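Note that the structure is predicted; figures quoted are calculated from it, not measured.
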Amino acid sequence: MTVIEIAGVSKRYGATVAADDVSLTVEKGEIFGLLGPNGAGKTTLVECVAGLRRPDEGRIRVHGIDPARERARLRQVLGVQLQDGMLPDKLRVGEAVALYRSFYRDGADTGRLLADLGLADKVDAPFEHLSGGQAQRLSIALALVGRPKVAVLDELSTGLDPQGRRQIWELVERIRDTGVTVLLVSHFLDEVHRLCDRVAVLDRGRIIALDTPDGLVAAEGGGQRVRLRVAGALDRDALAALPEVTAVTGEDGETVVAGTGNLMHAVNTELVRQGVTVTELRLEQATLDDAFLALTGRTTQENSDD
């Protein structure tokens with residue numbers, strides 16, 4: 001069942017194109033990731049889904065609801081956690097959660113939700129006294145307190161330490177297991193690989209790839225790399241001729257052999273045949289980072305030219 005439908009959506013800010021004819025669907029119970037460099041248009045797209053911005057062109061439906069025209073209906077099915085969400089400094093955690101809970105006919109157990117997010121001991125703390133990570137957890141709580149059918153999470157683990165990040169990942173997986181559909185925006189590639197069923201990669205407002213995380217890695221030459229250094233002459237052409245090898249490159253005395261299958265064994269066998277002395281040898285698996293860099297030519301942290 002399609003829960004989110006985005007068809008031909010475009011959004012411009014003057015000469016800047018934030019979304020350029022974007023089309024995708026998200027299915028019920030799916031964790032769908034939006035990935036891209038800073039400025040790629042991810043936040044603009046989720047703000048259109050949440051009804052916070054109106055697209056210039058195209059069509060969006062969330063459980064059949066038009067976000068731009070039916071905001072009241074949308075609030076009953078959609079929970080939103082956006083970057084840089086702010087609350088009044090003096091508002092206490094418990095007060096904020098109770099207020100947001102009052103907006104919904106069938107909301108969550110606020111005590112359990114705060115406990116799940118590690119905020120049970122912060123019920124009486126004012127917003128201004130929360131750390132960055134605690135404020136982020138509160139933002140997630142406010143997105144989930146209405147027991148939404150769809151949750152939009154924009155950089156949900158920003159400001160969290162590694163342990164806190166993994167706790168949030170486990171919570172998101174539990175939410176998905178209850179049937180909630182999640183639209184996740186993130187620049188943490190390990191987070192995307194761990195959580196997402198499918199991922200759309202955006203760059204300069206356009207979708208340039210859409211697949212599972214493993215599918216993105218495989219499509220961009222995903223596989224293995226053997227990095228090695230040897231004493232003496234190395235016949236790289238012989239390495240390149242091995243059936244398991246897809247490419248051999250090298251600089252500054254290091255040779256990088258890319259390939260698939262039992263690559264390490266094949267390379268080792270050839271090195272023994274050549275009789276070279278190996279001074280350094282290590283195997284690396286291709287990652288989503290590699291695929292992202294291959295697709296965009298940039299890291300998730302780099303600003304786009306928009």
Side-chain angles (χ1 to χ4, degrees), residues 31 34 38 42-53 62 67 71-176 178 180-188 190-192 194-195 300-301:
I31 300 179
L34 292 177
N38 291 341
K42 306 182 299 296
T43 295
T44 291
L45 190 61
V46 297
E47 287 177 346
C48 289
V49 170
L52 301 176
R53 297 188 186 275
V62 180
R71 293 282 300 280
R73 286 186 63 202
L74 184 70
R75 280 199 301 270
Q76 296 304 315
V77 302
L78 182 72
V80 182
Q81 173 265 325
L82 295 175
Q83 281 184 272
D84 304 321
M86 297 299 293
L87 294 170
D89 286 346
K90 304 302 180 183
L91 187 66
R92 299 180 186 276
V93 169
E95 294 171 340
V97 174
L99 174 64
Y100 275 65
R101 169 64 178 81
S102 71
F103 300 155
Y104 302 96
R105 293 186 293 268
D106 183 25
D109 179 327
T110 58
R112 179 172 181 177
L113 180 60
L114 289 174
D116 284 343
L117 286 165
L119 292 172
D121 61 344
K122 297 295 180 180
V123 172
D124 295 323
F127 182 75
E128 64 180 342
H129 291 169
L130 299 181
S131 67
Q134 291 165 348
Q136 187 75 346
R137 291 171 184 269
L138 176 57
S139 179
I140 296 169
L142 299 181
L144 299 178
V145 73
R147 293 175 60 187
K149 295 180 179 179
V150 180
V152 174
L153 305 176
D154 190 357
E155 305 293 0
L156 84 164
S157 58
T158 297
L160 301 179
D161 59 29
Q163 181 180 3
R165 187 173 298 139
R166 283 171 174 76
Q167 290 172 346
I168 293 298
W169 294 351
E170 292 170 1
L171 175 64
V172 172
E173 289 171 332
R174 293 200 301 272
I175 293 166
R176 186 267 305 278
T178 67
V180 175
T181 303
V182 177
L183 183 60
L184 174 67
V185 180
S186 179
H187 68 270
F188 291 112
D190 54 346
E191 177 172 279
V192 171
R194 159 76 180 265
L195 293 177
T300 54
Q301 300 296 326

Problem - Donor-acceptor contact below 3.5 Å, side chain R71 vs main chain G51 - result: yes
Completion exercise
Closest non-hydrogen contact found for L74 with A50 is CD2-O, 3.4 Å
Problem - Closest non-hydrogen atom pair between G79 and P148, with its separation - result: N-CB, 3.4 Å
Could you give the side-chain donor-acceptor pairs of residues 117-133 under 3.5 Å, partners two or more places apart or in another chain?
residue, atom, partner, partner atom, Å
E128, OE2, K90, NZ, 2.7
S131, OG, Q134, N, 3.2
S131, OG, Q134, OE1, 3.4

Practice task
State the CG-OG1 distance between L144 and T110, to the nearest 0.5 angstrom.
Solution key: 13.0 Å
Exercise for the section: Enter the distance from L160:CG to Q167:CD here, rounded to the nearest 0.5 Å. Expected result: 9.0 Å
Exercise for the section: Just grab all the side-chain hydrogen bond (donor to acceptor under 3.5 Å, both in side chains) pairs involving residues 91-101, residues at least two apart or on different chains. Expected result: none
Exercise for the section: Not counting sequence neighbours, which residues clear side-chain hydrogen bond (donor to acceptor under 3.5 Å, both in side chains) with T44? List them please. Expected result: Y13
Practice task
Rounded to the nearest 0.5 Å, what's the gap from CZ on R73 to CG on L78? Could you check?
Solution key: 13.0 Å
Handout entry: Q136 side-chain N/O to E155 backbone N/O, donor-acceptor pair under 3.5 Å
Key = yes
Completion exercise
Value for CG (L171) from CG (D116), rounded to nearest 0.5 Å, stands at 6.0 Å
Fill in the blank from the handout: Taken in chain and number order and not counting sequence neighbours, the residues that satisfy side-chain hydrogen bond (donor to acceptor under 3.5 Å, both in side chains) with E47 are R53
Practice task
Kindly determine whether L34 and L183 satisfy side-chain contact (heavy atoms from CB on, under 4.5 Å), including the steps that lead there.
Solution key: CA-CA 7 Å; L34 292 177; L183 183 60; 4.1 Å; yes
Practice task
Could I get the full list of side-chain hydrogen bond (donor to acceptor under 3.5 Å, both in side chains) partners for R75, not counting sequence neighbours?
Solution key: none
Exercise for the section: Output all residues satisfying side-chain hydrogen bond (donor to acceptor under 3.5 Å, both in side chains) with R194, sequence neighbours left out; order by chain, then residue number. Expected result: E173
Exercise for the section: Sort and list the pairs that fulfil salt bridge (charged side-chain N to carboxylate O under 4.0 Å, His left out) and have at least one residue in residues 131-140, not counting sequence neighbours. Expected result: none
Handout entry: side-chain contact (heavy atoms from CB on, under 4.5 Å) partners for R105, two or more places apart
Key = Q76
Problem - Heavy-atom side-chain contact between V152 and V185 under 4.5 Å - result: no
Practice task
Measure the spacing between CG of L153 and OG of S186 and express it to the nearest 0.5 Å.
Solution key: 10.0 Å
Handout entry: Reported CG-to-NZ distance for the pair L184 and K42, which is rounded to 0.5 angstrom
Key = 11.0 Å
Exercise for the section: State, with a plain yes or no, whether a side-chain heavy atom of L87 is found less than 4.5 Å away from one of L138. Expected result: yes
Exercise for the section: Applying salt bridge (Lys or Arg N to Asp or Glu O under 4.0 Å), name anything that partners R166, two or more places apart in sequence or on another chain. Expected result: none
Exercise for the section: Identify, with sequence neighbours excluded, every residue that meets side-chain contact (heavy atoms from CB on, under 4.5 Å) alongside D190. Expected result: W169, F188
Exercise for the section: Could you walk me through whether V97 and L142 pass the side-chain contact (heavy atoms from CB on, under 4.5 Å) test, one step at a time? Expected result: CA-CA 6 Å; V97 174; L142 299 181; 4.1 Å; yes
Exercise for the section: Could you list the residues that satisfy side-chain contact (heavy atoms from CB on, under 4.5 Å) with A108, not counting sequence neighbours? Expected result: R147
